[in-house]
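I have placed the structure first, in the form of structure tokens, so that the comments after it can refer back to it.
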Amino acid sequence: MAKGDFPVLIGVGQAMSQWDGKNGADGAPSPLSLMADASNAALVDTGVSGMAAAIDALAVVRIFEDSVPGDRHPHGHNTNLPGTLARETNTNPGYLVYETVGGQSPQALVNEFARRIHDGEFDAVLISGSEANRASKGARKNGVEINWADQDARDYEDRGLGPMMLSRGEIKHGLVTPAYFYGLFENAIAAREGRGRAGQRKAMAELFQPFSATAAKNPWSQFPQEHSVEFLSTPSRENYEYADPFLKWFIAQDAVNQGAAAIIVSSSKADELGVPEGKRVYLHGGGEAGDDHISVRPVLDRSWAMDTAVSRALAQAGKTTADIHHFDLYSCFPCAVFSGAAALGIDWKTDKRPLTLTGGLPFFGGPGNNYSLHGIAEMVALLRENPGNTGLVLANGGWMTKEAAGVYSAAKPAKFTPAEKGAKPAEQVEIATESCEGTLETFTVTHGKEGPERGIIFARLADGRRAIANNADAATLAVLREDASPVGRKVAITVDGETGSFQFK
Ligand SMILES: CC(=O)SCCNC(=O)CCNC(=O)[C@H](O)C(C)(C)COP(=O)(O)OP(=O)(O)OC[C@H]1O[C@@H](n2cnc3c(N)ncnc32)[C@H](O)[C@@H]1OP(=O)(O)O
């Protein structure tokens, strides 16, 4: 182990299964089997026989089931995913870790282990993750029994759930599902752009149509079907309203069985193992930032954390957006891509460079915290074929709460500088807790199978504070359902315990 070595990605792998329980239990994947398939593919992809024996650290991206308190599926629990993955890959790492919550994890782990390899702590690291939610949903729907219970005696570092990404006030107002948080961002963007609901749906559909076209050609996609702007922007049985302004196919799809893996080694280990130059991809820059709870963020129509993580990664790589040939921007909802593009200074309508390599979370699939490991796997493959090119991966966790960006190229950088500790925002908005009047800042309307259910609003007071409310009578809810954006209208908020009701003035 040599201190000061360059970290280099030398192997990537992906796995996907369409198993949904309709034809019985045979061939059912599990989170572990998908991780193992992807990891073994990554070990083979290095082209080095005996690669498994060289792995001295192993990191697993936290699966969704272990990312929320309670809510366990009935298929038995794997109590040691890192240890069982070591067993299934015939690796013998001295250090194993189960990462904390968030979709930033794949890029954050690359940034972290690149630093630790550079520091001389490890020589060869396997990073992997997966989700088998399609199998879980399918097994339950079809009454098929599958068993994921497993264990291993190896010690591992469990990084736990990390700090809560929602505040008590947000939870009390029903802000409990990613689509509701992102609906607030999306409607803030729509209002800034002067768009009503139909206009925003058209813009979101125009952004995502090429994503679906990319997914249709990607063999690892869970939903490989190209959709038209018309289909994507129009409510239908197949594209139902979920949380305003989102229809089903504007949302990260969680019914997936997907796994991915990447192997990073020190450059001296790569030399010792005889890894060909054509396999090597380098991390040129990494940037990270963490934002506050959404209700105290001053700005809702773009992401401070994305702006910061992206500019740090670019600066560290000595690049500007104009130097980047390939992007994989996190795409759980259109507003994440609009915000990522804004952070990069890209005009998504006119820029010719695709913003996804995979097809994105609604069409390629949204495998929980692990999506961006697929983006990294695609990026490594593309950069190997285009050794003079540079690519950027933007990984997003929570509600644009945790961001990690990486700049990659097959060209060896002049030097490697580890990513700095994640930045934190300086400014917060104060929350008003008394009955008050304000101006509607953003909103969403949640939907169930029977139709619209509840409006959730943020309003700004004349003194700059923000009020949250979520109870409205039918007439008020009907105003939120009009095509014209209600943002900017005066509202009265009446506090009742820990929630508030609202009425337009
Ligand atoms: C940083 C980040 O990554 S944030 C993103 C994190 N990820 C998420 O939040 C995941 C969000 N995604 C999801 O929850 C899911 O993928 C969904 C809800 C979009 C789709 O889930 P699926 O399992 O594919 O559900 P599907 O569309 O098959 O719906 C199941 C049934 O419920 C019905 N249904 C569910 N919701 C609705 C609704 N709002 N309106 C009408 N029908 C509905 C469907 O019509 C369907 O009925 P059927 O079985 O009779 O045909």
Side-chain angles (χ1 to χ4, degrees), residues 18 20-22 61-65 67-68 71 73 99-108 129 131-142 162 165-166 175-186 208 222-223 225 232 235-258 290-291 294 303 305-306 309 328-337 339-340 356 358 360-375 393-404 444-454:
Q18 292 291 1
D20 61 4
K22 283 195 191 113
V61 173
R62 202 170 196 85
I63 62 169
F64 251 25
E65 199 213 348
S67 298
V68 277
D71 198 24
H73 60 61
E99 177 60 322
T100 189
V101 177
Q104 80 293 342
S105 302
Q107 185 58 49
E131 288 293 338
N133 204 22
R134 182 180 203 78
S136 176
K137 285 185 181 186
R140 280 180 272 180
K141 190 168 175 182
N142 293 292
M165 288 192 279
L166 333 82
L175 281 168
V176 289
T177 295
Y180 302 169
F181 288 96
Y182 282 94
L184 297 174
F185 294 128
E186 199 73 55
F208 269 2
Q222 198 80 53
F223 309 97
Q225 191 186 339
L232 291 172
S236 64
R237 195 176 177 280
E238 298 73 37
N239 197 24
Y240 48 79
E241 294 194 272
Y242 189 82
D244 195 277
F246 302 128
L247 307 172
K248 172 179 173 177
W249 290 101
F250 288 131
I251 301 179
Q253 297 300 314
D254 69 7
V256 302
N257 300 320
Q258 289 174 312
D291 215 332
I294 178 175
S303 161
M306 278 188 184
D328 194 79
L329 304 189
Y330 204 88
S331 53
C332 48
F333 298 89
C335 54
V337 185
S339 302
T356 186
T358 62
L361 284 88
F363 313 109
F364 169 80
N369 296 323
N370 197 48
Y371 164 78
S372 286
L373 205 48
H374 294 270
V393 172
L394 174 57
N396 160 47
W399 358 108
M400 301 198 251
T401 314
K402 304 178 184 178
E403 302 301 320
T444 188
V445 178
T446 69
H447 283 67
K449 289 187 185 186
E450 307 305 323
E453 286 180 340
R454 168 159 293 199

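Both counts, for ligands and for their atoms, begin at 1 and track the order of listing.
Proximity of E241 to ligand 1 is established by a heavy-atom distance of less than 4.0 Å. Using a 4.0 Å cutoff on heavy atoms, A179 does not count as a contact of ligand 1. Heavy-atom separations between W399 and ligand 1 are all 4.0 Å or longer. Note on ligand 1: G398 sits in its first shell, one or more heavy atoms being nearer than 4.0 Å.
Between F185 and Y182, the ring planes lie perpendicular to each other; the angle is over 60°, past the 30° to 60° tilted range.
Scanning the protein heavy atoms around atom 28 (O) of ligand 1, the nearest turns out to be K248 NZ, 4.0 Å. Protein heavy atom closest to atom 50 (O) of ligand 1, with residue, atom name and distance, is R237 NH2, 4.0 Å. With respect to atom 12 (N) of ligand 1, the closest heavy atom belonging to the protein is A252 O, 2.8 Å. Residue, atom and distance of the protein heavy atom nearest to atom 31 (C) of ligand 1 are K449 NZ, 4.0 Å. Nearest to atom 21 (O) of ligand 1 among the protein's heavy atoms is K137 NZ, 3.4 Å.
Distance remark: protein heavy atom present below 4.0 angstrom from atom 43 (C) of ligand 1. The nearest protein heavy atom to atom 47 (O) of ligand 1 is not closer than 4.0 Å.
Considering each of Y242, Y180, Y240, the one bringing a non-hydrogen atom nearest atom 35 (C) of ligand 1 is Y240. For atom 20 (C) of ligand 1, the candidate residues are E131, Q253, K141; the nearest heavy-atom contact is made by Q253. When the heavy-atom distances from atom 2 (C) of ligand 1 to W249, Y371, Y330 are ranked, the shortest goes to Y330. Between the choices P367, P178, G365, the shortest heavy-atom distance to atom 6 (C) of ligand 1 belongs to P178. In this comparison of D254, N239, T446, the heavy atom closest to atom 16 (O) of ligand 1 sits on D254.
Classification of K402 and D291 as a salt-bridged pair fails, no side-chain N sitting under 4.0 Å from a carboxylate O.
For D328 and Y371, the side-chain atoms include at least one donor-acceptor pair closer than 3.5 Å. Side chains of E131 and Q258: no donor on one and acceptor on the other come within 3.5 Å.
Checking side-chain atoms of R134 against main-chain N and O of A255 turns up a donor-acceptor pair under 3.5 Å.
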Residues E65, H73; criterion side chain to side chain donor-acceptor pair (under 3.5 Å); working and verdict: CA-CA 8 Å; E65 199 213 348; H73 60 61; 2.8 Å; yes
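P452 and H447 make their closest contact through N-CD2, 3.6 Å (heavy atoms, listed as atom of the first residue, atom of the second, distance). R62 approaches S67 most closely through the heavy-atom pair CG-OG, 3.7 Å.
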Could you go through residues 329-336 and list every donor-acceptor pair under 3.5 Å that involves a side-chain atom there, pairing it with any protein atom two or more places apart or in another chain?
from: S331; atom 1: OG; to: L361; atom 2: N; distance (Å): 3.1

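Each of V393, N396, L394 was evaluated against Q107; a single residue qualifies, V393, per the side chain to side chain contact (heavy atoms under 4.5 Å, CB included) test.
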